[in-house]
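Structure record follows, encoded as structure tokens.
No experiment lies behind these values; they were computed from the predicted model shown. Computation of the quantities below employed the complete heavy-atom set of this structure, encompassing side-chain atoms and omitting hydrogens, waters and symmetry-equivalent molecules. Protein chains get the first letters and strands the later ones, always in sequence-line order, with residue 1 at the start of each.
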Amino acid sequence: MHKNPILRVCTKILFAPIILFGLYVQFHGDFGPGGGFQAGVIVASAFILYTIVFGLEKGKKLFPSNINLLLLALGGIIYGGVGIASIFLGEEFLSYNPLGSTPQSGQHIGILLVEFGVGLTVSNVMIALFNAFISFKSGKAS
Amino acid sequence: MISELIINAFLVTVMLAIAIALLKTRTVIFTVILTSAYSLVAALMFITLDAVDVAFTEASVGAGISTVLFLAAMAYLPKKEEETIGNQFIPALSCIILGAILIWCSYDLPQIGLVSSPIHQHVAPDYILGSRNDIGIPNIVTSVLASYRGYDTFGETIVVFTAGIAVLVLLQNKKKISKDTKSKIKKKVGRNA
């Protein structure tokens with residue numbers, strides 16, 4: 001845990017806006033620059049900032065590693081699941097047309113879900129990697 | 001036109017300066033920070049080419065998260081790189097020859113943004129029209145990434161997932177593994193006995 005009060009207060013103030021910006025990039029990717037990869041990295045950076053300033057224990061209390069690993073796999077499953085849902089609705093793998101009432105709305109829903117899956121996987125991989133790097137060191141020392 | 005030239009010349013000069021500084025530095029933390037700065041200048045370069053999505057990715061992934069991960073991994077490295085003494089003439093010569101060939105080849109490339117160049121004649125018109133009519137999304141990059149090239153993005157996601165899992169398995173606490181394997185070995189031995 002960092003003793004500098006400026007760092008701790010700024011981290012607490014910045015945490016929510018960083019995640020909000022990540023969500024904006026995630027769900028506004030259809031209209032402006034952005035998408036799952038960038039948004040995932042931005043959301044992960046908020047959690048990594050928290051872990052850097054407050055330490056690994058508090059970071060794991062905020063975002064437990066079993067949930068982290070679960071969401072890590074869930075992102076890929078959402079992506080694949082959207083593809084398989086298209087197969088069950090009577091079209092090819094990852095053809096989003098049958099997901100909505102019209103092909104266009106189907107495409108909208110499909111792209112939104114797929115980008116969400118990408119963001120989930122990327123952000124959780126980054127958090128898990130950072131935590132693994134940090135805890136590898138402490139595991140070696142003990 | 002002239003302002004574009006000035007901006008490009010400035011960015012290339014900064015990139016060259018960072019690259020030369022990277023060659024000279026032997027301290028690990030300076031190397032990491034200079035790589036991050038290089039990525040940031042590369043992101044600016046992508047903005048001048050109107051590739052905003054790529055610039056965004058370069059800034060967030062290249063300059064942001066990879067720097068943090070490098071810094072986290074840096075704790076296991078020695079602080080300074082050992083000076084290697086050797087003949088550097090042949091590597092330098094091959095780099096210069098390769099660079100010269102690449103620059104020579106770049107004169108045959110079509111002008112940036114030229115509509116009649118082959119890359120804009122193949123599938124790009126379909127994507128540009130289809131993104132508006134079939135998909136209804138203003139950002140063509142997203143429609144190509146998530147819909148037209150959905151398979152590729154699926155592969156990318158799985159690559160990120162696999163890489164993350166592999167690193168996690170490699171970096172797992174060694175004590176836990178040895179305990180688990182020990183108990184397994186004990187069980188096996190017990191069964192055999």
Side-chain angles (χ1 to χ4, degrees), chain A residues 25 28-42 44-45 48-49 52 69 72-73 75-76 78-80 82-83 93-97 102-105 107-108 110-115 117-118 120-122 124-126 128-140 142, chain B residues 47 51-62 64-76 130-139 141-143 145-165 167-176:
Chain A
V25 171
H28 207 254
D30 305 2
F31 303 98
F37 287 97
Q38 296 95 324
V41 168
I42 290 168
S45 73
I48 288 175
L49 176 70
I52 288 175
L69 290 179
L72 196 161
I78 288 176
Y79 203 134
V82 171
F93 184 65
L94 286 177
S95 146
Y96 312 126
N97 287 341
T102 63
Q104 266 206 13
S105 69
Q107 291 282 349
H108 275 281
I111 289 174
L112 216 62
L113 284 173
V114 155
E115 292 271 15
V118 172
L120 217 56
T121 298
V122 170
N124 285 288
V125 163
M126 293 306 164
L129 282 186
F130 185 76
N131 284 349
F133 283 153
I134 296 290
S135 53
F136 182 66
K137 186 176 151 195
S138 57
K140 201 173 146 192
S142 65
Chain B
I47 289 178
V52 200
D53 282 83
V54 186
F56 202 168
T57 315
E58 182 68 38
S60 59
V61 178
I65 208 92
S66 65
T67 310
V68 173
L69 289 179
F70 273 137
L71 287 176
M74 209 182 69
Y76 314 113
S131 179
R132 194 205 294 159
N133 299 333
D134 302 338
I135 298 177
I137 279 179
N139 188 359
V141 176
T142 302
S143 69
L145 182 118
S147 185
Y148 287 114
R149 287 282 172 265
Y151 277 36
D152 297 348
T153 314
F154 188 43
E156 271 177 60
T157 312
I158 298 302
V159 164
V160 170
F161 170 75
T162 319
I165 292 290
V167 172
L168 287 182
V169 168
L170 282 175
L171 290 187
Q172 236 176 11
N173 211 341
K174 279 180 185 170
K175 277 183 187 172
K176 265 187 188 172

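Options A/G76, A/P103, A/A73 differ in how many heavy-atom pairs under 4.5 Å they form with chain B, and the most are formed by A/A73. When B/V54, B/I65, B/V61 are compared by the number of non-hydrogen pairs under 4.5 Å with chain A, B/I65 comes out ahead. Looking only at heavy-atom pairs under 4.5 Å with chain A, the residue among B/A73, B/A59, B/P138, B/G164 that has the most is B/P138. Of the residues considered (A/V114, A/L129, A/L69, A/T102), A/L129 shows the highest number of contacts with chain B, using heavy-atom pairs under 4.5 Å. Comparing B/V68, B/D134, B/T153 by how many heavy-atom pairs each has under 4.5 Å with chain A, the most go to B/T153. Residue with the most contacts toward chain A among B/V52, B/V141, B/I137, B/I165: B/I137 (heavy-atom pairs, distance under 4.5 Å). Annotation: maximal heavy-atom pairing with chain B below 4.5 Å, among A/G35, A/G34, A/S45, occurs at A/G34.
A donor-acceptor pair is defined here as one N or O able to donate and one able to accept, closer than 3.5 Å; no such pair exists between the side chain of B/S60 and the backbone of A/Q38. Looking at A/Y79, its side chain does come within 3.5 Å of a backbone N or O of B/G150 through a donor-acceptor pair.
B/V160 and A/F37 get closest at one heavy-atom pair: CG2-CE2, 4.5 Å. Residue A/I134 comes nearest to B/A72 through the heavy atom pair CD1-CB, 4.5 Å, listed as atom of the first residue, atom of the second, then distance. Pairing each heavy atom of A/H108 with each of B/G136, the nearest pair is NE2-O, 3.3 Å. Between B/N133 and A/Q104, the shortest heavy-atom distance links the atoms O-NE2, 2.7 Å.
Contacts of A/V82 with chain B are absent, with no heavy-atom separation under 4.5 Å from either backbone or side chain. For A/L72, the parts sitting under 4.5 Å from any heavy atom of chain B are the backbone and the side chain alike. Proximity to chain A (any heavy atom under 4.5 Å) is shown, for B/D53, by both the backbone and the side chain.
For the atom pair A/N97 CG and B/S147 OG, the distance stands at 7.5 Å (nearest 0.5 Å). The CG atom of A/L120 sits 11.5 Å away from the CZ atom of B/F161 when rounded to the nearest 0.5 Å. To the nearest 0.5 Å, atom CD1 of residue B/I158 and atom OG1 of residue A/T121 are 7.0 Å apart. From A/I48, atom CD1 reaches atom CG of B/L71 across 11.0 Å, with rounding to the nearest 0.5 Å. To the nearest 0.5 Å, atoms OG1 (B/T157) and CD (A/E115) are separated by 9.0 Å. Interatomic distance, CZ of B/F70 versus CZ of A/F133, reported as 9.0 Å (0.5 Å rounding).
In this pair, B/Y151 and A/F93 present their aromatic rings perpendicular. The plane angle is above 60°, beyond the 30 to 60° band.
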- [ ] Let me see the working for B/I135 and A/Y96 under side chain to side chain contact (heavy atoms under 4.5 Å, CB included), right down to the final yes or no.
- [x] CA-CA 10 Å; B/I135 298 177; A/Y96 312 126; over 6 Å; no
